[in-house]
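Atoms within a ligand are numbered from 1 in the order they appear, just like the ligands themselves. Along the sequence shown, residues carry numbers from 1. Small disclaimer: the values here were computed from a predicted structure and weren't measured.
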Amino acid sequence: MPAHASTAPSRRAFLTGKVARPEPEFRPPWTDEARVQAQCTGCNACVEACPQGIIEFDSRSRPRISFHGGECTFCGACAEACPQAVFDLAQPAPWPVTVEITSSCLNAAGIACQLCTDICDPRALRMDLSVRPVGAIQVDAGACTGCGACLSTCPNNAIALCDPRQQRTPA
Ligand code: SF4
Ligand code: SF4
């Protein structure tokens, strides 16, 4: 490649939509993408402060949640450790995150399972036995806190996070 050549995508590629935009990140509670991008300096304080070990850096040294078997207890340690104006503890709720049960749920295949309902402290998951033949898991989105505790209990990886903060505005 010539020394002056660029690896950056061409303007035409951008305009024709042939350049994949990066996937939105799942940011910590009490913040969102805009606040992270505007205020975070990548100091690592929130990563070190989380007693659950569920905050990690993305490829640009900005915090994101990765539950990998853990859950958020909403202790607020990340927000309190941050020396910048990234987090807003005055928000009415930590985040608008909930979960949904996908078509991979074993009940959808006729195999009875309700492991996830047992671990959910806010009782946001319940078995609806009126659904044939073995029932179906229903999510009470108003009760779900998005804590992530149920994710690792599912033997078929059928629980997905819904994070409205990640929805992109149309181009
Ligand atoms: S609120 Fe607590 S458990 Fe949740 S991400 Fe922040 S430090 Fe971790
Ligand atoms: S994310 Fe937490 S509150 Fe929501 S359904 Fe799962 S365990 Fe319950």
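A side chain to side chain contact (heavy atoms under 4.5 Å, CB included) with Ile137 is found for exactly one of Thr117, Leu106, Leu115, namely Thr117.
Less than 4.0 angstrom separates some heavy atom of Gly146 from each of these atoms of ligand 2: 1 (S), 4 (Fe). Below 4.0 Å from some heavy atom of Phe74 lie the following atoms of ligand 1, by number and element: 1 (S), 4 (Fe). Within the listing of ligand 1, atoms 1 (S) sit less than 4.0 angstrom from a heavy atom of Trp30. Heavy-atom contacts of Leu125 reach the following atoms of ligand 2: 5 (S) (cutoff under 4.0 Å). Residue-ligand proximity, Thr145 to ligand 2, at heavy-atom distances under 4.0 Å covers atoms 3 (S), 4 (Fe). Each of the atoms 7 (S) of ligand 1 lies under 4.0 Å from some heavy atom of Ala77. With ligand atoms numbered from 1 in the order given, ligand 1 contributes 5 (S) to contacts under 4.0 Å with heavy atoms of Ile55. Set against the non-hydrogen atoms of Gln52, the atoms of ligand 1 under 4.0 Å away are 3 (S). Interface of Pro122 with ligand 2, defined as ligand atoms under 4.0 Å from a residue heavy atom, comprises 3 (S). Heavy-atom contacts of Val99 reach the following atoms of ligand 2: 1 (S), 5 (S) (cutoff under 4.0 Å). Residue-ligand proximity, Cys150 to ligand 2, at heavy-atom distances under 4.0 Å covers atoms 1 (S), 5 (S), 6 (Fe), 7 (S). The ligand atoms of ligand 2 that sit less than 4.0 angstrom from a heavy atom of Gly148 are 1 (S), 2 (Fe). Those atoms of ligand 1 that come under 4.0 Å of a heavy atom in Thr73, given as number and element, are 3 (S).
Counting only distance, with no hydrogens or angles, the side chain of Gln52 and the backbone of Ile54 share no donor-acceptor pair below 3.5 Å. The backbone N or O of Thr31 lies less than 3.5 Å from a partner atom in the side chain of Arg165, making a donor-acceptor pair.
The single protein non-hydrogen atom nearest to atom 4 (Fe) of ligand 2 is Cys144 SG, 2.4 Å, given as residue, atom name and distance. Of all protein heavy atoms, the one lying nearest to atom 8 (Fe) of ligand 2 is Cys120 SG, 2.3 Å. The single protein non-hydrogen atom nearest to atom 7 (S) of ligand 1 is Cys78 N, 3.3 Å, given as residue, atom name and distance. Here the protein heavy atom with the shortest distance to atom 2 (Fe) of ligand 1 is Cys75 SG, 2.3 Å. For atom 1 (S) of ligand 1, the closest non-hydrogen atom of the protein is Gly76 N, 3.3 Å.
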Give the C-alpha distance, both sets of side-chain angles, the deciding distance and a yes or no for side-chain contact (heavy atoms from CB on, under 4.5 Å) between Leu89 and Glu80. CA-CA 9 Å; Leu89 281 169; Glu80 288 165 4; 4.1 Å; yes
side-chain contact (heavy atoms from CB on, under 4.5 Å) between Leu161 and Glu100, intermediate numbers included: CA-CA 6 Å; Leu161 287 168; Glu100 66 178 10; over 6 Å; no
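Atom SG of residue Cys116 and atom CD1 of residue Ile101 lie 5.0 Å apart, to the nearest 0.5 angstrom. Atom CG in Asp163 sits 10.5 Å away from atom CZ in Arg27 (nearest 0.5 Å). Atom CG of Asp118 and atom SG of Cys150 lie 12.0 Å apart (nearest 0.5 Å).
With a heavy-atom cut-off of 4.0 Å, Trp95 does not touch ligand 1 at all.
Arg62 has no carboxylate O lying under 4.0 Å from a charged side-chain N of Glu25, or vice versa, which leaves the two without a salt bridge. Between Glu56 and Arg64 there is a salt bridge, with a side-chain nitrogen of the basic residue lying less than 4.0 Å from a carboxylate oxygen of the acidic one.
The hydrophobic cluster containing Val99 also contains Phe67, counting ILVMFWY residues as joined when their side-chain heavy atoms lie under 4.5 angstrom apart, directly or transitively.
In this view, Trp95 and Phe26, Phe74 satisfy the ring pair (Phe, Tyr, Trp, His ring centres under 6.0 Å) rule, not counting sequence neighbours.
One of the N, O or S atoms belonging to Cys50 lies under 2.8 Å away from atom 8 (Fe) of ligand 1.
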